[in-house]
Amino acid sequence: MRVLCVAEKPSISKSISQILSGGQFTTHATRSQYIKNYEFDYPQTNSFYTVTCVSGHLTGCDFPETHRKWNSCDAFELFDAPVEISVAGDKKSIEENLLNQARRADMLMIWTDCDREGEHIGLEIVRVCKRAKRNIVVKRARFSAIIAQQIHHAAQRPVELDRAQADAVEARITLDLKVGAAFTRMQTQILQNHFVQLADTRSVVSYGPCQFPTLGFVVQKWNLVKSFVSEPFWYIFLSLTRNTSSTRGEDTVFTWKRGHLFAEDAAVSLYDFVLSDPLARVIKVTKKGTKKWKPLPLTTVELQKAGSRLLRLAPKKVLDISEKLYQQGFLSYPRTETDQFDPQFDFHTLLQKQTIDPAWGVFATSLTDGGFSAPRKGKNNDKAHPPIHPTAHAANLVGDEKKVYDFITRRFLACCSKDAEGWQTTVDVECGEEFFYATGLLVLERNYLEVYPYDKWVGHEIPDFEEGEEFQPSVCELREGKTSKPSLLTEADLVTLMDKNGIGTDATIAQHIQTIIDRDYVIEKMEGNTKYLIPSKLGIGLIEGYDKIGLNKSLSKPQLRRETERSMVQVCERTKSKADMLEETIVQYKEMFIIARREFEKVVSMEETEKVGAGEVVVVMMAVMAVTEEGAAEGTLRGVEVEAPRHHGAEVVAHVEEVAEVLLWSPTPMTISTLHRHQLHVVERTKQRQVPIYAKLDLLIQPEKLPSPLQVDSQVCRI
DNA sequence: GCAAGGTC
């Protein structure tokens, strides 16, 4: 019997060929650059095997010609528009290979990853192959790790494809397209009508069920920081200066068990009690062994967080580098949710490969010589890939690639070694009926910390105390502190939030962050060595706009995506049909769309009308700029660098020559847009271009690019 | 000119 096996990606087709053939296979090139066909006999099932693969999803979906153009229909119609499935141009050679191979085969065995997407990719493969051979027998190989015993078992005991899982994915694909396209077109068109700067067709104001909750997290944290008001608090500070074995006159600070109090009078009266007691009593001294746990096996999400926090590389960058190292054979597959190693995992061989490294070779040797300790087990297993680990020793890497490889290898070595061990002393003290404590730590065995410098565990000594002993505190004061501002959102924080809330997957989280940056919704800001994410005016405007609309389920919060996820699980469990899921969800989004469109118009115009009332005279500061060649307007205004965005489609570079104050009297309530058009009218009659300085007019256009003194100068003032 | 999910 001829069996055609199709895996999800090249790496898997190669591994299963090696395992099933015992290394005895022939390789054949295909018209696709990355894809090869492997052929061999598999006597265990009396078959001749051809193993090939696809490269992720084989087909894509889009609207037909009648709905594809932006002006071909009202955005609302997209919800009921048909959707076409087709093989994308760059996948034609893969399709062709499948057709050729299926024609010669009796059985098609699907070897895609054992997850929902894999089940759907399997269905895509089946659809193509059946076109070449209608009655081909279809089976599915099920495996949870690329380990010889499991792969043989999968080949010999294949199961059926799970249509329900494929259905769930198909529903999600359709929904994401319809919702994304409808809302994107609606948002973009409304904003373009109100803000001339957005008339540029390149600036799409996209909506997506993952990118908006992602943006929502950034805006939420920004608001928290912005609205923060520092609060004073009070606490009792108690310390004793006493010699320890290695230091002289070291201060031991005792922490107040109550932490701190926000009520000053309460703190004062408690402090009075303490003051009335001249001596502090040691009521308990506890000494016990303590551990600092070694890290968990590495998943993609953890790698991206660490990359951002410790290596200062953007999540997308970390993933790109890992992908490259994986293709060079240095790393295992870098997209995994699994944080537990299979019990049969061959640690010894992999550790052996690291023993030659100048930096950690000695440590790796100590692990192979009996120091090995089984890695901790996390709670996640995607049943397709092991945790990320080095598969070969890499000697000649430099720069960011070296940083990433070093981190992954040290992490793997740390996972295979022992927890760090220490000795902790806690001294509990009572004084004036208030309780205090101090702790000391002695690090005994650094163990995994030796090879994992990314974790810190520093011991601090504490003098000897005995239970019942009394002492007079060196300092006993009521001190005042204040709550400190929360920090802005870092990339690592955002990855954590997305992961926790189920926004995106290990492979897409980084992309969604990149998208909201590319769309100018979010700006990256370096502060010292840390990169923070702050929302642009446009980003804030969009999120607050949707929040003001007051839908009972916000389009900017993770809840809707969670519901989509829940529906998919129901479809997988066969408690809901794909048709029902589509119907229910589309009805829900249609309602939201209608409200959102109506209110969006309102919100956008509100943003504008608050500016100039009827009969008011306004002074607008104008920068008079000499028009030169293409580009954006830039120049100096009152000693400040000025940069203005592209103007009305026509790109100009202008040099600021002088500042004019223009008086305008407004017979009717006037929006800033009207004001803007009025000025453009003046502009067109001169050879010079007068540019209103971007005050409120351009609230939605990255005013961050303008220096702040300018914004102050250019307030639209009422007389 | 729209999405998110695979993957190269």
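The model shown is predicted, which means the values in this text are computed figures rather than measured ones. So that the names make sense, note that chain A is the first sequence line, chain B the second, and so on, each numbered from 1.
- Taking 4.0 angstrom as the limit, A/Ser206 places none of its side-chain polar atoms (N or O) nearer than this to OP1 or OP2 of B/dG1.
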ask   = Going through the checks in order, is the side chain to side chain contact (heavy atoms under 4.5 Å, CB included) test met by A/Thr50 and A/Tyr38?
value = CA-CA 6 Å; A/Thr50 302; A/Tyr38 304 103; over 6 Å; no
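- Within the nucleic acid shown, A/Gly504 comes within 4.0 Å of sugar-phosphate atoms alone, with no base atom in reach, counting heavy atoms only.
- Side-chain proximity of A/Ile121 to B/dG6, B/dA4, B/dT7: nearest is B/dG6.
- Counting any heavy atom pair closer than 4.0 Å across all strands shown, A/Asp90 reaches no nucleic acid atom.
- The phosphate of B/dG5 (OP1 or OP2) has a side-chain N or O of A/Arg561 nearer than 4.0 angstrom.
- Checking B/dG6, B/dG5, B/dG1 against the side-chain heavy atoms of A/Cys210 singles out B/dG5 as nearest.
- Contacts of A/Gly180 with the nucleic acid, taken as non-hydrogen atoms under 4.0 Å apart, involve only primed sugar atoms and P, OP1 or OP2.
- Every side-chain contact (heavy atoms from CB on, under 4.5 Å) that A/Gln18 has, sequence neighbours left out, goes to A/Lys14, A/Phe25.
- Atom CG of A/Asp506 and atom C1' of B/dA4 are 13 Å apart (whole Å).
- In this model, the phosphate group of B/dG5 is approached by a side-chain N or O of A/His512 to a distance below 4.0 Å at OP1 or OP2.
- In terms of phosphate contacts, A/Arg116 brings no side-chain nitrogen or oxygen within less than 4.0 Å of OP1 or OP2 of B/dA4.
- Between A/Tyr326 and A/Asp176, the residue anchored closer to the 5' end of DNA chain B is A/Asp176, taking for each the nucleotide with the nearest heavy atom.
- For A/Val204, the side-chain atoms get nearest to B/dC2 when compared with the rest of B/dA4, B/dC2, B/dG6.
- Taking the six-membered ring for Trp and thresholds of 30 and 60 degrees, A/Phe330 and A/Tyr405 have ring planes more than 60 degrees apart, a perpendicular arrangement.
- Stacking between A/Tyr207 and B/dA3 is absent: the aromatic ring centre is not both under 5.5 angstrom from the base six-membered ring centre and within 30 degrees in plane angle.
- Which of B/dG1, B/dA4, B/dG6 sits closest to the side chain of A/His57 comes down to B/dG6.
- Minimum atom distance to the side chain of A/Glu117 is reached by B/dG6, of the listed B/dG6, B/dA3, B/dG1.
- With B/dG6, B/dA3, B/dG1 as the candidates, the nucleotide lying closest to the side chain of A/Thr184 is B/dA3.
- The only member of A/Thr299, A/Thr338, A/Asp113 that meets side chain to side chain donor-acceptor pair (under 3.5 Å) when paired with A/His385 is A/Asp113.
- Contacts of residues 158-173 of chain A with DNA chain B (heavy atom under 4.0 Å): A/Arg172, A/Ile173.
- Distances shorter than 4.0 Å separate some side-chain N or O of A/Arg335 from OP1 or OP2 on B/dT7.
- A/Asp320 has its CG atom 13 Å from the C1' atom of B/dT7, to the nearest Å.
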query = What do the steps show when you test A/Leu555 against A/Phe183 for side chain to side chain contact (heavy atoms under 4.5 Å, CB included), and what is the final call?
reply = CA-CA 10 Å; A/Leu555 288 157; A/Phe183 278 87; 3.7 Å; yes
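- Each of A/Arg142, A/Arg140, A/Arg574 was scored for a salt bridge (charged side-chain N to carboxylate O under 4.0 Å, His left out) with A/Asp162, with one residue passing: A/Arg574.
- Test A/Glu117, A/Arg116, A/Lys578 against A/Arg172 for side chain to side chain contact (heavy atoms under 4.5 Å, CB included) and you get one pass: A/Glu117.
- Within 4.0 Å of A/Gln511, counting heavy atoms only, lies at least one base atom of the nucleic acid.
- For the pair A/Glu337 CD and B/dG6 C1', the computed distance is 13 Å after rounding to whole Å.
- A/Ser556 and A/Asp547 are linked by a side-chain donor-acceptor pair at a separation below 3.5 angstrom, with hydrogens and angles left out of the test.
- Using a 3.5 Å distance cut-off with no hydrogens or angles, the side chains of A/Tyr521 and A/Thr214 do not pair a donor with an acceptor.
- Under 4.0 angstrom from either OP1 or OP2 of B/dG6 there lies at least one side-chain N or O belonging to A/Thr505.
- The distance between atom CZ of A/Phe63 and atom C1' of B/dA3, rounded to the nearest whole Å, is 9 Å.
- Spacing between atom CD1 of A/Ile85 and atom P of B/dA3 amounts to 19 Å, rounded to whole angstrom units.
- The CG atom of A/Leu175 sits 11 Å away from the C1' atom of B/dA3 (whole-angstrom rounding).
- Here the nucleotide nearest the side chain of A/Cys61, chosen from B/dT7, B/dC2, B/dA3, is B/dA3.
- Summarising the geometry, the separation between CD on A/Glu119 and P on B/dG6 is reported as 14 Å, rounded to the nearest angstrom.
- Out of B/dA4, B/dC2, B/dG6, the shortest distance to the side chain of A/Gln211 is found at B/dA4.
- Between A/Thr515 and A/Pro10, the one whose closest nucleotide on DNA chain B sits nearer the 5' end is A/Thr515.
- Between the P atom of B/dA4 and the CZ atom of A/Phe212 lies a distance of 10 Å, rounded to the nearest Å.
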